[in-house]
Enquirer: 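Encoded as structure tokens, here's the structure I'll be asking about.
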Amino acid sequence: MRNIYLALLLFIAVPLTLLGQQARQYSFKHFSTLNGLVSNSANAIVQDREGYIWIATTHGLQRYDGNTFLTFKSTEGNTSAIPSTNIVSLFTDQKNRLWLEGEDHTIGVFDTKKFVFRKAELPKNVVPNSYQQFVELPKGELLLLANSGDVFLYSETSNQFSLANNKLPMPKGWKFSHVTWDASIRKFWISADSGIVQLDPATMRLNYRGHNYDNDPVINSLSDARGLTDLTIDPAGRILGIIQEKSSIAPRFFYYNPQSRQFSVSSLADHIGVWHIHTDGFLLQRSGRIWLYGMPFLAEWDNKSNFFRPVVKGAESQQNGYFNRIAQAFEDRENNIWVATDNGVLLFNPDAQVFSNYDLIRPGEPASYDLVQAIAETVDDRIFVGTWRGGIYSYDKNLNPIALPPVLKARGRSLSVADMQEQVLTGDLWITQEEGRIDVFHPKTNTVTTVQDSVFNKSTIRQITEDTSGNMWFGTQAGRLIKWDYKSAGGNQQKGYRIVLENLGIIRKVHYDYQGYIWVGTAQNGLFKVSTRTNKIVKKFTTDGPADERLFINSVKDITYYNDTTLLVAAGCLNIINKRTNKITFIGTKEGLPSNTVESVQKDRNKIVWMGMTNGISRLNLEKRIISFYDRRDGINYDKFIQTGVRQLSGGRIFFFTDHNFMVFDPTKVSPKVQPPKPFITSIKIAGYPLSVDSLLSAKRVVLRYNNTSISIDFSAMSFLTQQKLHYYYKLENLDKEWIHTDRPITAFYNYLPPGQYTFYVKTETIDGVSNENIAQFTIVVRAPFWLSWWFYGLIALTFIGVWLLVDRERTNKRRSLLQVRNEIASNLHNDISITLSDINILSEMAKIKADKNVEQSKEFIDQINEKSRYTIAAMDDMLWSIDPANDSMANTLQRIKKITSELQELSGVAIDLIIDNKLDALELEMKLRHDIFFLYKDALLFLSGNGSVKQVFVNMKMSGTNNSLLLEILFDRPANLRDFDLQLKRGIEKRLRSLPATMDYIAESRHVSLAFTIRLK
């Protein structure tokens, strides 16, 4: 209720002398809990040397970089955290230290890079209380002024404040409230409860009431003043101050001009318009502007009238921008003003404000809210604003409301103006209206000629334009294009009107292109090109034309000239028409417009195209195809613009119309021809966890693990001039192929980075492509996992080589072993053959000797020779088969055993039953073991089949036990009439048995014999 009461009181109590003096509205950007503030109650604001804005709130300390807020809060038991969540005040000294005061009056320095707090100690006998301000003396000494009246001096060596009342002496019994340095006289002015004091820090001499040794005129003028709370000194040396006396409800304001020796005192209520007010301080800008703030107002000093002009209405015009009290106003290095209030933070720049909204005001009257339809400028620099159902408003060239000429004022406030056009040839102002009426105002005589010709058929004349011959062209609501011929009418505005075309549909825009053509834009029937020589349509553009000559939509809302070959048409998006070829190209959402809702279009003097949108305005550098967008976030208080609602006046200023006011700006101030501010890396987060930016940027690199590469990077140019847009371009080298563009501070986010080294770059560029050569950059190194590192690849290579060498050695050893086995087999066979051949040789000689003497014995020798020859052939065959690599498998060995068995059975007639386990085919045995098993089997069968007395043999070959042994079992019946059979059998196979890892079981029961060989395989 109190807020509502104060707001009502403010408006009711504002004197009429303040109304209508200036229609301009300051544009405020409002920060609240809705867009980043941790609390809407802001207590103080400062800026550090790097450009960060620091905001003290009741819920913590915040840092703002133009993009994001970083919040710091108090943590119980953590002495490095801020002393309390509620920060009362902030101060930055000449050494860029950020001093802060907690709600428990703890004083200390907050490190803006390491984000740690260091408490500064007070004398032990001092009870902390609230403090008035920090003061830095000319020699750099830092003083802390307490509300108790005590002065404390800071020692950097001991990090302590010590009592030093001698540094700021006061008259006995006087208590200071504020200290201000006057650079023009190099002295301090001290506001005190008992008056004003002047201190010379060089001599420590005081001037005050009753002790004015230097006869200072300010001291003399304020000799009766009590209760001075604040003062400021502008660059010209003028002194402004506040007196709050106990006997007065409203504070008094005093002003002193040392050049003119002018001194005045007045009630501040006369300035602000409210009796119940409280002042909290002055803000002196570097530009010389002076502001006074408190509860519930913000006021600007007017040098012309020596009066404070309240601008609180500007804050109230913002959504959620109403405040009850301002705690501090602060100017940053870009001359932006930051206002800490109990309802968030307000930001504006009165000197750099590009876009200014102006209310519809008549002198001495409050603002009206009518639909603006037209704006025109006359030769005497008067600006006329025509509205629908609201009449005409008049302004001077500085857009201060001025009185209308009586003849226009007599037209009434309900007049509906459709369009206005100054006739260059005569300087007359043509005002078109409804009912087919035209008022022609003659600025030189301040008279009006009224026209209501029948050709208009009482239809609203929506549009008017002038060609280079001084002829006036009109477009009506009923679809008629009408011409007033200056020459044929002899300049008489009452005649000379004729219909050129009709039934065109509702005409929204009539435009002359300086090349002899009138362009007519309609609401539904497209665009017509009309020759002023033949008065005929030479071309019609619609959505149904040839493919490259079609409008975006048939609803044309505005037309403007770009150059001799190019016409710009607002029809949905921006339609660019080549007047020579009739080809049409578009600038729409695909090309960067925020929407295809262009309502009006105007080219400025630098060939920059400005488009009024349904919400906001767009700036197009057509040559470079660079688009920028502006809306309420950029200082346009009201951004709903109307169709054909734009006009450029003689000074180059552009006026955009809205449904209840108008917005003005100078296009040359939007893009200054200077380098943009350089960008800064403001935040780096890994998987959402913030890192210390300063330490990383000092190291110029960040190293990430391969499994934690999600990184986000915030960047900002530390520029808070939102109306002078910057374009940001960033790129991560070795990942991004092209620069990535954004027109607002942003977070670059990379979800995953493969192992490697990357360099992040960010640069700034103006809306006209001017870049800053300083590019912010830092390196990101992603460590590869050990299995992707060079040493691991080397280890793998060495391991592969080692394994290959081992395999090769094993293969070589195996080959050597096979060769050795084959050599051994060959050697054994060689020995057998040598012995056999020797026996054959001996037998041959003996048979030769006995051939004549003993034929029978000779035959025996020949039979033995025959037998040994067969044995030798068989042995050689076995040897060749054994050493052949093609037979190097168990399956082939078993096939050989079957073949030998079949041959022996056929030659000897002995029945041999051979049973072989199928599992034996899969055995993988060394060649020597297979060879020995084969010859063990062969020798045993040869003995049994060659005996002549054994008629049947049963053989079984199978795996035994746990498949670690091979069992060769031979069953037969031994002959009864052969002596030493068992002994001969054992001797025949004993040699083969010794070469095998085998045992033999010989079991004989009567004539039944079981011969079992168990051969170990492993």
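Counting from 1, the numbers follow the sequence of the chain as shown.
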Enquirer: What's the spacing between Ile767 CD1 and Ile627 CD1 if we round to 0.5 Å?
Expert: 12.0 Å

Enquirer: Taking Thr75 for the side chain and Asn78 for the main chain, is one N or O donor matched with an acceptor at less than 3.5 Å?
Expert: no

Enquirer: Is it true that Ser716 and Asn67 share a donor-acceptor pair across their side chains at a distance under 3.5 Å?
Expert: no

Enquirer: Side chain of Thr232, backbone of Leu240: donor and acceptor closer than 3.5 Å?
Expert: no

Enquirer: With no hydrogens and no angle check, do the side chains of Tyr154 and Asn159 hold a donor and an acceptor under 3.5 Å apart?
Expert: yes

Enquirer: Going by atom types alone, do Ser39 and Thr58 pair a side-chain donor with an acceptor below 3.5 Å?
Expert: yes

Enquirer: Do Tyr750 and Asp736 have side-chain N/O donor and acceptor atoms under 3.5 Å apart?
Expert: yes

Enquirer: Return the set of residues passing side-chain contact (heavy atoms from CB on, under 4.5 Å) with Thr589 (not counting sequence neighbours), or none when no residue passes.
Expert: Asn596

Enquirer: Could you walk me through whether Leu346 and Phe323 pass side-chain contact (heavy atoms from CB on, under 4.5 Å), step by step?
Expert: CA-CA 10 Å; Leu346 302 176; Phe323 57 84; 3.9 Å; yes

Enquirer: Within this structure, what is the CG-CD1 distance for the pair Leu691 and Ile684, rounded to the nearest 0.5 Å?
Expert: 6.5 Å

Enquirer: Assign the ring pair Phe665 / Phe656 to parallel, tilted or perpendicular, where the plane angle (0 to 90°) is split at 30° and 60°.
Expert: parallel

Enquirer: Among all residues two or more places apart in sequence or in another chain, which pass the ring-ring contact (aromatic ring centres under 6.0 Å, His included) test with His178?
Expert: none

Enquirer: Before you tell me yes or no, could you show the steps for Leu284 and Asp234 under side-chain contact (heavy atoms from CB on, under 4.5 Å), namely the whole-Å CA-CA distance, both residues' side-chain angles and the distance that decides it to 0.1 Å?
Expert: CA-CA 7 Å; Leu284 173 64; Asp234 71 6; 4.0 Å; yes

Enquirer: Any side-chain to backbone donor/acceptor pair from Gln353 onto Ser27? Under 3.5 Å, distance only.
Expert: yes

Enquirer: Between Thr709 (side chain) and Leu704 (backbone), is there a donor-acceptor pair under 3.5 Å?
Expert: no

Enquirer: Taking all non-hydrogen atoms of both residues, which atom of Ser719 and which atom of Glu334 are closest, and how far apart?
Expert: OG-OE2, 2.7 Å

Enquirer: Determine whether the aromatic ring centres of Tyr64 and Phe720 lie less than 6.0 Å apart.
Expert: yes

Enquirer: Looking only at heavy atoms, what is the nearest atom pair of Ile775 and Val762, with distance?
Expert: CG2-O, 3.3 Å

Enquirer: Would the Trp99 and Phe161 ring centres measure less than 6.0 Å apart?
Expert: yes

Enquirer: With rounding to the nearest 0.5 angstrom, report the NZ to CZ distance, Lys731 to Phe760.
Expert: 11.5 Å

Enquirer: Can a donor-acceptor pair be found between the side chains of Asn349 and Asn335 at a distance below 3.5 Å?
Expert: no

Enquirer: Once the angle between the rings of Phe69 and Phe31 is folded into 0 to 90°, is it parallel (under 30°), tilted (30 to 60°) or perpendicular (over 60°)?
Expert: perpendicular

Enquirer: How close do Phe28 and Asn637 get, counting heavy atoms only, and between which atoms?
Expert: N-OD1, 4.2 Å

Enquirer: Can a donor-acceptor pair be found, under 3.5 Å and without considering hydrogens, that links the side chain of His727 to the backbone of Lys763?
Expert: no

Enquirer: Ring centroid separation for Tyr730 and Phe715, is it under 6.0 angstrom?
Expert: yes

Enquirer: Could you check Thr229 against Gln244 for side chain to side chain donor-acceptor pair (under 3.5 Å), going step by step and ending with a plain yes or no?
Expert: CA-CA 7 Å; Thr229 59; Gln244 180 67 65; over 6 Å; no

Enquirer: Do Tyr26 and Glu300 have side-chain atoms, one donor and one acceptor, less than 3.5 Å apart?
Expert: yes

Enquirer: Could you pull out all donor-acceptor pairs under 3.5 Å where a side-chain atom in residues 108-119 meets a protein atom, sequence neighbours excluded?
Expert:
unit_1, atom_1, unit_2, atom_2, d
Asp111, OD1, Lys113, N, 2.9
Asp111, OD1, Lys114, N, 3.0

Enquirer: Identify each donor-acceptor pair in which a side-chain atom of residues 40-49 lies under 3.5 Å from a protein atom, sequence neighbours left out, and give them as a table.
Expert:
unit_1, atom_1, unit_2, atom_2, d
Asn40, OD1, Thr33, N, 2.9
Asn43, ND2, Asn86, OD1, 3.2
Asn43, ND2, Ile87, O, 2.7
Gln47, OE1, Arg333, N, 2.9
Gln47, NE2, Gly51, O, 3.0
Asp48, OD1, Glu50, N, 3.1
Asp48, OD1, Gly51, N, 2.9
Asp48, OD1, Tyr52, N, 2.9
Asp48, OD2, Trp54, NE1, 2.9
Arg49, NH2, Gln94, O, 2.8

Enquirer: Can you find a side-chain donor-acceptor pair between Asn303 and Trp301 that sits under 3.5 Å?
Expert: yes

Enquirer: Output, in order, the C-alpha distance, side-chain angles, deciding distance and verdict of side-chain contact (heavy atoms from CB on, under 4.5 Å) for Ser710 and Phe749.
Expert: CA-CA 8 Å; Ser710 176; Phe749 181 74; 3.5 Å; yes

Enquirer: Is any NZ, NE, NH1 or NH2 atom of the basic residue among Arg97 and Glu156 found under 4.0 Å from an Asp or Glu carboxylate oxygen of the other?
Expert: yes

Enquirer: Please round to the nearest 0.5 Å and tell me the distance separating atom OH of Tyr638 and atom CG of Asn357.
Expert: 10.5 Å

Enquirer: Are any side-chain N or O atoms of Gln777 and backbone N or O atoms of Lys700, one a donor and one an acceptor, separated by less than 3.5 Å?
Expert: no

Enquirer: Distance only, no hydrogens: is a donor on one side chain within 3.5 Å (strictly under) of an acceptor on the other, for Gln160 and Glu121?
Expert: no

Enquirer: Work out which heavy atom in Met295 is nearest to a heavy atom in Asn324; give both atom names and the distance.
Expert: CG-O, 3.0 Å

Enquirer: Could you tell me whether the side chains of Glu103 and Ser84 share a donor-acceptor contact shorter than 3.5 Å?
Expert: no

Enquirer: Let's go through Thr106 and Asp104 carefully: what are the C-alpha distance in whole Å and the side-chain angles of both, what is the deciding distance for side chain to side chain donor-acceptor pair (under 3.5 Å) to 0.1 Å, and is it a yes or a no?
Expert: CA-CA 6 Å; Thr106 299; Asp104 59 351; 3.0 Å; yes

Enquirer: State plainly whether the residues Arg632 and Asp639 are in salt-bridge range, i.e. N to O under 4.0 Å.
Expert: yes

Enquirer: Would you give the length of the straight line joining atom CG of Leu90 to atom CG of Leu61, rounded to the nearest 0.5 angstrom?
Expert: 6.0 Å

Enquirer: State whether the side chain of Ser32 and the backbone N or O of Leu34 hold a donor-acceptor pair below 3.5 Å, judged by distance alone.
Expert: yes

Enquirer: Do Asp351 and Ser287 have side-chain atoms, one donor and one acceptor, less than 3.5 Å apart?
Expert: yes

Enquirer: Would Leu732 and Ile780 satisfy side-chain contact (heavy atoms from CB on, under 4.5 Å), going step by step from the backbone distance to the final call?
Expert: CA-CA 9 Å; Leu732 189 61; Ile780 302 172; 4.0 Å; yes

Enquirer: Do any pairs count as a ring pair (Phe, Tyr, Trp, His ring centres under 6.0 Å) and have a residue in residues 78-98, sequence neighbours left out, and if so which ones?
Expert: Phe91-Phe134

Enquirer: Taking the six-membered ring for Trp and the full ring for Phe, Tyr or His, determine whether the centres of Tyr728 and His741 are under 6.0 Å apart.
Expert: no

Enquirer: Where do Thr682 and Met718 come nearest, in terms of heavy atoms and distance?
Expert: CG2-CE, 3.6 Å

Enquirer: Should the pair Lys640-Asp659 be classified as a salt bridge under the 4.0 Å nitrogen-to-oxygen rule?
Expert: no

Enquirer: Quick check: closest heavy atoms across Gln285 and Pro350, and the distance to 0.1 Å?
Expert: OE1-CG, 3.7 Å

Enquirer: For the residue pair His59 and Thr71, confirm or rule out a side-chain donor-acceptor distance under 3.5 Å.
Expert: no

Enquirer: Could you label the plane-to-plane angle of the Trp610 and Phe355 rings as parallel, tilted or perpendicular, counting under 30° as parallel and over 60° as perpendicular?
Expert: perpendicular

Enquirer: Sequence neighbours excluded, which residues qualify as ring-ring contact (aromatic ring centres under 6.0 Å, His included) partners of Trp181?
Expert: Phe188

